[in-house]
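One structure below.
Per chain, numbering begins at 1; letters A, B, ... match sequence-line order. Values reported hereafter were calculated over all heavy atoms of this structure, with side chains retained and with hydrogens, waters and symmetry mates removed.
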Number of protein chains: 2
Amino acid sequence: MTQPGALALVPFVSVDHMMQIVHRIGIETILTGLATAIEDDFRRWESFDKTPRIASHSPEGVIELMPTSDGDTYGFKYVNGHPKNWKDGRQTVTAFGLLADVATGYPVLLSEMTILTALRTAATSAMAARHLAPKGARTMAVIGNGAQSEFQSIAFKTICGIEEVRLFDIDTDATDKCAANLAQSGLRITKCPTAEEAIEGAQIVTTATADKRNQQILTDNMVGSGLHINAVGGDCPGKTELAEAILHRSDIFVEYPPQTRIEGEIQQLAPDHPVTELWEVITGKTPGRSSAAQITLFDSVGFATEDFSALRHIDGLAKETGLYTDLDMLADPDDPRDLFGMLMRAG
Amino acid sequence: MTQPGALALVPFVSVDHMMQIVHRIGIETILTGLATAIEDDFRRWESFDKTPRIASHSPEGVIELMPTSDGDTYGFKYVNGHPKNWKDGRQTVTAFGLLADVATGYPVLLSEMTILTALRTAATSAMAARHLAPKGARTMAVIGNGAQSEFQSIAFKTICGIEEVRLFDIDTDATDKCAANLAQSGLRITKCPTAEEAIEGAQIVTTATADKRNQQILTDNMVGSGLHINAVGGDCPGKTELAEAILHRSDIFVEYPPQTRIEGEIQQLAPDHPVTELWEVITGKTPGRSSAAQITLFDSVGFATEDFSALRHIDGLAKETGLYTDLDMLADPDDPRDLFGMLMRAG
């Protein structure tokens, strides 16, 4: 085997590395760091090249590419969403991502992002809630107790001061799994037999279900004044979680309108229905929550800048901990114009 | 370290593997196999999801994602184009690509594509020329003797029966390198001091220069009747190689018009200027070359299906030769809905 040169190598964070990084740093510290990194990048929203993700739909699911760039660093994520995957022992969502140097086009990091997406989605939700949820919120309902539920719970505890989570899923095994996973988290856990009971006394409701169709996880009469709704599960065309009437009573906050209007809860509304962009709230350009009675809705679909921020944060931690390996992914001939010569000499 | 399960692993073809595959199989056999795979996929053109590549431009270059799907398999390529990269010892073009299973969204192959792109670009050019070049063409001029030049030369020898290549580059070192690399190829090599001399007696002219601006590598008076022009270098907005007058005298063949009208030589023409799609020629729907005097122009920019075909071909060869490694790139919890539990148990 020919020894590849330094320019040929791309640092790679495997699933095992990612798990080790989380344990080395601590999941709460990671979530807090991610929330800060994501918020900082929302603060400089205008410096990013933004485009709705490029989706390839099929009857079973969707495969998406989510690119962005801040002019110095380019990043993209590959992510799928296949709601029936768990039946064959597969994840609904898997992902990986890449950072590259804009000046040379050379990749500088390849990373697993199945775990990282779960972390960044939860960190984004909690960061948004810090701006939108009623002051003093201590109880959150979590409807849909699948792969996102524990990450959301820990993020809201760490970042928003949530003390109790009230769990509901149509599948009680999922609720049992979530409750068991959170047993040592310091959160008070209540398993609820219905969504209505889960919402009782909650100031925040997180919906995170995986089914790929238009559902009504929350109906209009379940939503009282003052609530903050963190709608995570509705994130592609034909996949929503909230009754339309709720949207008309809510002030709606979104990441990137051209993408959310296609993928989010607001796909149910007219294309000119007023929404507020999250970055405007973060920079103070537009108020977030302005009254205690207001219903705020974060219509989260996940945006490319969040993955960019997450990859940059993990890049720093990977270099700091040494938890990565180098992949021989780029050709590196002695004379860069002599790719053919490199190939032939390897023979 | 936790041992990842089988579902977590993605076969990875490194640069070293790719070079070993080329030597194990033989470069001429690889090029012929790629040309056949690419042609077969052009033949079923209508079964592909097609979209122009998603480009992120900067002053120094461009980073692009090129996705496509045939409904069963999804593929995409990451590729950059940075003309000044060679000054720091880097490649102008580097690339990697991925195949995934549409039914599950799970990646099934990650591969280097710097070498593979060079091979597939040459194979596509030669395959197109088999349909478009004058019968009995034996001499090709190659203008621009950089990283693509040897691949083009070998592909045209193997696939089209070219016996002589006439080389020209404004940088004579590049010509010397190309000639040296082709010394054992079985081709007759002529180094030419001017582009005009390179074209003398040639039935095919390949232009493959890297400079990112509008140039006139070929001026109108250099192009006589009966020529086939294989224009490879003009492949992004603001980067062309041919004088506009040549385009008006040529029958123009393109891969995917919505992309070529932005990136190809025809960016110089009106948006409704008539062009023929290559797949129509390959399927016999539209004639290719119809007279000996006709000037045919393959305005090549590279399309996502060519990378898809190339990745599938290499996937087969990698499995056949065992020349790949497995990457721990996907999270694989015992219970697919218990990503958090997997993460915590790894601690």
Side-chain angles (χ1 to χ4, degrees), chain A residues 1-2 4 7-8 14-16 19 22-23 49 51 54 56 58 60-61 63 65 67 69 71 74 76 78 80-82 85-86 89-91 94 96 98 100 102-106 112 114-115 118 146-147 150-151 174 177 181 327-331 335-341 343-344 346-347, chain B residues 1-2 4 7-8 14-16 19 22-23 49 51 54 56 58 60-61 63 65 67 69 71 74 76 78 80-82 85-86 89-91 94 96 98 100 102-106 112 114-115 118 146-147 150-151 174 177 181 327-331 335-341 343-344 346-347:
Chain A
M1 164 165 167
T2 316
L7 288 177
S14 71
V15 173
D16 188 64
M19 296 196 294
V22 171
H23 287 285
D49 244 1
T51 176
I54 300 98
S56 177
S58 65
E60 297 82 12
I63 295 176
L65 298 174
S69 163
Y74 170 94
F76 84 90
Y78 169 103
N80 75 300
H82 285 68
N85 261 5
W86 64 273
R90 288 184 169 82
Q91 292 285 294
T94 61
F96 70 92
L98 183 103
V102 168
T104 64
Y106 268 46
E112 90 79 38
T114 307
I115 293 167
E150 300 96 338
F151 294 96
K177 171 225 52 159
N181 279 335
L327 280 193
D328 167 30
M329 202 161 98
L330 304 176
D335 172 355
R337 288 166 299 181
D338 194 13
L339 187 63
F340 185 87
L343 174 59
M344 287 303 110
Chain B
M1 163 164 170
T2 317
L7 289 177
S14 70
V15 173
D16 187 63
M19 295 196 293
V22 171
H23 287 285
D49 244 1
T51 176
I54 300 97
S56 178
S58 65
E60 297 82 14
I63 296 176
L65 298 174
S69 163
Y74 170 95
F76 84 89
Y78 169 103
N80 76 300
H82 285 68
N85 261 5
W86 64 273
R90 289 185 169 81
Q91 292 285 295
T94 62
F96 71 92
L98 183 103
V102 168
T104 64
Y106 269 46
E112 91 79 36
T114 307
I115 293 167
E150 300 95 338
F151 294 96
K177 170 226 50 159
N181 279 334
L327 280 194
D328 168 29
M329 200 161 100
L330 304 176
D335 172 354
R337 288 166 299 181
D338 193 13
L339 186 64
F340 186 86
L343 174 59
M344 287 303 110

Relative to chain A, which segment of [X] carries a heavy atom at a distance below 4.5 Å: side chain, backbone, both, or neither?
X: B/N181; answer: both
X: B/V102; answer: both
X: B/A331; answer: both
X: B/L7; answer: side chain

Legend entry - Most chain A-contacting option - heavy-atom pairs closer than 4.5 Å, from B/A100, B/P67, B/A103, B/A174: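 Going by pairs under 4.5 Å, I would pick B/A103.
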
Legend entry - Parallel, tilted or perpendicular, as decided by the 30° and 60° cut-offs, for the rings of A/F151 and B/F340: perpendicular

Inset, instruction - Just say parallel, tilted or perpendicular for the rings of A/F76 and B/F96, cut-offs at 30° and 60°. - result: parallel

Please identify, among [options], the residue contributing the most non-hydrogen atom pairs under 4.5 Å to chain B.
options: A/D49, A/T51, A/D335, A/I115; result: A/I115
options: A/L65, A/L343, A/T104; result: A/T104
options: A/L339, A/T114, A/I54, A/T94; result: A/L339

Legend entry - Close side-chain approach of A/P336 to B/R90, heavy-atom, < 4.5 Å: no

Legend entry - Taking every non-hydrogen atom, the tightest pair across B/M344 and A/H23: O-CE1, 3.5 Å

Legend entry - Taking every non-hydrogen atom, the tightest pair across A/R337 and B/K177: O-NZ, 3.0 Å

Legend entry - Donor-acceptor under 3.5 Å (B/Y106 side chain, A/Q91 main chain):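 Side chain of B/Y106 to backbone of A/Q91, a donor-acceptor pair under 3.5 Å: yes, one is there.
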
Legend entry - chain B contact via A/N85 - which portion, at a heavy-atom distance below 4.5 Å: side chain

Inset, instruction - State the CE-CG distance between B/M19 and A/D328, to the nearest 0.5 angstrom. - result: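 So the gap between those two atoms works out to 7.0 Å.
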
